[in-house]
Amino acid sequence: MQGTYRIAVLPGDGIGPEVTGQAIKVLKAVEEIQGPMFRFQTGLIGGAAIDETAVPLPAETISICHNAQAILLGAVGGPRWDHQRHDLRPEAGLLQLRQRQELYVNLRPAVVHDSLVYLSALKPDVVRGTDLVIVRELLGGIYFGNPRGIFAKNGERMGINTEVYREHEIERVAHRAFQLARLRRHKVTSVDKANVLESSRLWRDVVTRIGRMYGDVELQHLYVDSCAMQLIDRPTRFDVVLTNNMFGDILSDEAAMLTGSIGLLPSASLGERTALYEPIHGSAPDIAGRNRANPIAAIASAAMMLKYSFRLEMIADAIERAIAKVLKRGVRTADMAGKKRAVTTTRMGDLIAQETQKALKASAPKKSRKR
Ligand code: IPM
Ligand code: MG
């Protein structure tokens with residue numbers, strides 16, 4: 001008998017509630033086959049939390065997350081809250097949550113499905129076979145460094161942010177990248193701007209030192225501008241891309257577009273104790289509430305949660321296979337449909353839930369025979 005897995009669900013803003021709804025639908029479909037296993041508790045974050053409680057990360061949400069083994073998040077942000085002070089914007093809720101839960105490493109895989117190669121803005125021959133993962137440092141760098149702010153000086157305003165990295169922050173994320181590379185193709189590309197920035201020189205130095213502990217993993221350093229270019233020129237050369245908070249934010253959106261739609265890609269933010277799973281995409285306020293969003297990134301994030309937080313690899317595989325199958329059949333939400341007919345968010349969720357159940361049923365007999 002499996003235990004109960006406690007999941008904090010933070011739908012957030014824009015399309016967040018719609019897409020997390022589909023991820024939960026798929027997890028409930030899993031329970032129909034496997035028996036009860038998940039306990040969901042929903043909390044407010046981002047703009048939705050600001051509207052109700054005036055802050056982007058209310059105390060109640062913090063305690064829900066604290067009691068959960070994993071967090072499933074939709075998206076935060078939207079034009080309605082753009083005028084807020086920076087620490088009271090929806091995005092601050094997510095940044096505070098990352099900090100509080102000490103989620104220092106962010107995994108952002110970008111895999112091009114064979115059946116979607118044609119959707120990419122790049123030539124099929126260039127993107128086919130792309131399978132990389134960005135390992136982004138999530139708690140340091142310019143996102144959190146001090147001093148920061150907008151100050152008055154000599155009769156004009158001056159905006160300041162500071163990039164800061166301490167050695168231990170680089171070490172712990174580097175270890176994660178090399179360990180991940182060992183499960184993949186044994187290649188790490190570390191991305192920095194060491195030709196200009198001291199924080200990057202330290203980054204390169206520390207990553208090189210940690211890399212020596214992983215003699216079986218090939219390490220290469222790239223400047224971020226060159227990396228941005230090579231991601232477009234020859235994305236298949238990358239396996240694990242290790243980089244800082246800011247460069248990882250930018251390069252992960254770029255890598256996402258190789259796959260045809262940013263609506264496909266999940267992410268995992270991991271610490272030592274707990275983890276947060278969320279789509280890479282944002283809250284897409286322009287299509288919110290219209291049942292048009294692609295729920296695949298959210299569903300794939302739930303699959304990552306099963307794999308990394310709960311070690312339910314078999315079920316995670318079933319969900320991933322279900323996604324691949326539905327895509328192969330030509331089912332498309334609006335972001336992927338082009339001139340073809342698009343299905344709704346809920347329809348895509350239904351189809352993936354059904355296929356997941358089929359995949360689980362198909363793998364069940366084998367399991368009992370083994371016993
Ligand atoms: C991301 C987002 C966030 C970030 C925002 C919403 C704070 O762009 O997760 O990539 O910049 O980290
Ligand atoms: Mg981003």
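We count ligands from 1, going down the list as the structure has it; atoms in each ligand are counted the same way.
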Subject >> Exercise: identify the closest heavy-atom pair between Ala8 and Ala68 >> reply: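 Looking at all heavy atoms of both residues, the closest pair is N-CB, 3.5 Å.
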
Table please: side-chain donor-acceptor pairs of residues 17-26 below 3.5 Å, with sequence neighbours left out.
from  : atom 1 : to     : atom 2 : distance (Å)
Glu18 : OE1    : Asn291 : N      : 3.1
Glu18 : OE2    : Gly289 : N      : 2.6
Thr20 : OG1    : Gly16  : O      : 2.7
Thr20 : OG1    : Pro17  : O      : 3.3
Gln22 : OE1    : Lys25  : NZ     : 2.7
Lys25 : NZ     : Thr346 : O      : 3.2
Lys25 : NZ     : Asp350 : OD1    : 2.8

Of the protein's non-hydrogen atoms, which lies at the shortest distance from [atom], and what is that distance?
atom	answer
atom 6 (C) of ligand 1	Glu91 CG, 3.6 Å
atom 8 (O) of ligand 1	Asp249 OD1, 3.2 Å
atom 3 (C) of ligand 1	Arg98 NH2, 4.0 Å

Subject >> Spacing of CG belonging to Leu312 relative to CZ belonging to Phe38, to within rounding of 0.5 Å >> reply: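 So the gap between those two atoms works out to 6.0 Å.
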
**OP:** Measure the CZ-CD1 distance between Arg292 and Ile287 for me, rounded to the nearest 0.5 Å.
**Re:**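 If I round to the nearest 0.5 Å, the distance is 6.0 Å.
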
**OP:** Run the numbers on Asp13 and Trp81 for side-chain hydrogen bond (donor to acceptor under 3.5 Å, both in side chains), then give the verdict.
**Re:** CA-CA 11 Å; Asp13 307 321; Trp81 305 281; over 6 Å; no

For ligand 1, the portion of [X] having any non-hydrogen atom under 4.0 Å away:
X	answer
Arg136	side chain
His281	neither
Met246	neither

Let me check something: any side-chain donor-acceptor pairs from residues 103-114 under 3.5 Å, sequence neighbours excluded? List them with distances.
from   : atom 1 : to     : atom 2 : distance (Å)
Tyr104 : OH     : Arg176 : NE     : 3.3
Tyr104 : OH     : Glu272 : OE2    : 2.8
Asn106 : OD1    : Arg108 : NE     : 2.6
Asn106 : OD1    : Arg108 : NH2    : 3.4
Asn106 : ND2    : Ala268 : O      : 3.2
Asn106 : ND2    : Ser269 : OG     : 3.1
Arg108 : NH1    : Ser252 : OG     : 2.8

Original post:
Got a sec: does the CD1 of Ile150 have more than 12 other heavy atoms crowding it under 6.0 Å?
Top reply: no

Original post:
Would the number of heavy atoms belonging to other residues, nucleotides or ligands and lying under 6.0 Å from NZ of Lys325 be above 12?
Top reply: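 Counting neighbours around NZ of Lys325, 12 or fewer heavy atoms of other residues, nucleotides or ligands fall under 6.0 Å, so no.
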
**OP:** Under 4.0 Å from a heavy atom of Tyr143: give me the atoms of ligand 1 that qualify, with their elements.
**Re:** 4 (C), 11 (O), 12 (O)

Subject >> Enumerated ligand 1 atoms positioned under 4.0 Å from heavy atoms of Arg108 >> reply: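 Counting atoms of ligand 1 from 1, those under 4.0 Å from Arg108 are 1 (C), 9 (O), 10 (O).
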
Original post:
Which protein N, O or S atoms sit under 2.8 Å from the Mg ion (ligand 2)?
Top reply: Asp249 OD1

Original post:
Centroid-to-centroid, Tyr214 to His186, below 6.0 Å?
Top reply: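 No; His186 has its ring centre 6.0 Å or more from that of Tyr214.
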
Subject >> Residue list, ring pair (Phe, Tyr, Trp, His ring centres under 6.0 Å) with Tyr143, at least two apart or on another chain >> reply: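 Counting only residues at least two positions away or on another chain, Tyr143 forms no ring pair (Phe, Tyr, Trp, His ring centres under 6.0 Å).
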
